[in-house]
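Below: one structure, written as structure tokens.
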Amino acid sequence: MKNVRILYFASVRENIGKDAEEIELPAGVATVAALRSHLRSRGGAYESAFAEKALLRAAVNQDMVQPAAAIKAGDEVAFFPPVTGG
Amino acid sequence: MKVAVQREDFDLGAEVQDLSKQSQSIGAVASFVGLVREVPMTLEHYPGMTERAIAKIVAEAKGRWQVMDCTVIHRYGALKPNDRIVLVAVASAHRGDAFAACEFIMDYLKTRAPFWKKEQVAAGARWVEAKAADDQAAERWQ
């Protein structure tokens, strides 16, 4: 199984109505950017939450990464808006 | 080093006293406390990554300045105006390193630690948007 665990936070979590899910990585999806496109292609709430103009950040295995970062089976990938702590 | 992500409030005096006792070579402690301003809010975070991100920021500060020890506490959950949100306290031999490292850790926390604020305004709840000024504050250390 080529599964990844995806976590959603803040407005992303609210917009799609869930905080986590496990999906099987489709063939050819090997980067954060490709996963984002795949999620957008699901349509509905995903289409707007992952729209190209949506300002999103991502983390792989709890490290903030760029869109080109690689992902592989077993990874924990998170999507969220720019952070606002402190 | 103490890093805590917690719902509970913290005691600035007790934290600074604990930090000051870590070594007899400590000659300066610089501390910053961030407060909720005007509007009640709820703070969400990414358990696990938050602690990891803060530890990385502290490690980077230690590589740039002489940091003998430090304490970072960040709260999450429901907070009201005047509540304390965050504490950064840095102990060093001299004030220059303590001031600089404290400000650096705070600037990086704002842009790299996974926290999100949701304000409860009269019209309802709204997510706070990230500020360009915070990115600029973090960039000036690069």
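On a predicted model such as this, the values are computed, not experimentally measured, just so you know. Note that these values count all heavy atoms, side chains included, but never hydrogens, waters or copies made by symmetry. Numbers restart at 1 for each chain; the letters A, B, ... are given by sequence-line order, proteins then strands.
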Problem set entry | Side chain / backbone / both / neither for A/Ala59 at chain B, heavy atoms under 4.5 Å | side chain

Problem set entry | Any donor-acceptor pair under 3.5 Å from B/Lys118 side chain to A/Ser11 backbone | no

Check this for me: [X], atom [atom1], are more than 12 non-hydrogen atoms of other residues, nucleotides or ligands nearer than 6.0 Å?
X: B/Arg126; atom1: CZ; value: no
X: A/Gln66; atom1: CD; value: no
X: B/Phe99; atom1: CZ; value: no
X: B/Glu8; atom1: CD; value: yes
X: B/Arg140; atom1: CZ; value: yes
X: B/Glu129; atom1: CD; value: no
X: B/Glu139; atom1: CD; value: yes

With a 4.5 angstrom heavy-atom cut-off, is it the side chain or the backbone of [X] that approaches chain A, or both, or neither?
X: B/Lys131; value: neither
X: B/Lys110; value: both
X: B/Ala113; value: backbone

Compare every heavy atom of [Y] with every heavy atom of [X], then report the nearest pair and how far apart it is.
X: A/Ala78; Y: B/Tyr46; value: CB-CE1, 3.5 Å
X: B/Val128; Y: A/Thr84; value: O-CG2, 3.3 Å
X: B/Ala130; Y: A/Val83; value: CB-O, 3.9 Å
X: A/Asp63; Y: B/Arg52; value: OD2-NH2, 2.7 Å

Exercise. Do the side chains of A/Met64 and B/Lys56 get nearer than 4.5 Å, heavy atoms only?
Worked result: no

For this session: State, yes or no, whether a side-chain contact exists between A/Arg13 and B/Glu44 at a heavy-atom distance under 4.5 Å.
Result: yes

For this session: Fit a plane to each ring of B/Trp116 and A/Phe9, take the angle between them on a 0 to 90° scale, and name the class: parallel (under 30°), tilted (30 to 60°) or perpendicular (over 60°).
Result: parallel

Exercise. Say you draw a straight line from CD of B/Glu51 to CD of A/Gln62; how long is it, rounded to the nearest 0.5 Å?
Worked result: 8.5 Å

For this session: Name all residues meeting the salt bridge (charged side-chain N to carboxylate O under 4.0 Å, His left out) criterion together with B/Asp11; count only those two or more places apart in sequence or in a different chain, and write none if there are none.
Result: none

For this session: Any chance you could pull the hydrophobic cluster mates of A/Leu55, using side-chain heavy atoms under 4.5 angstrom and chaining through other members?
Result: none

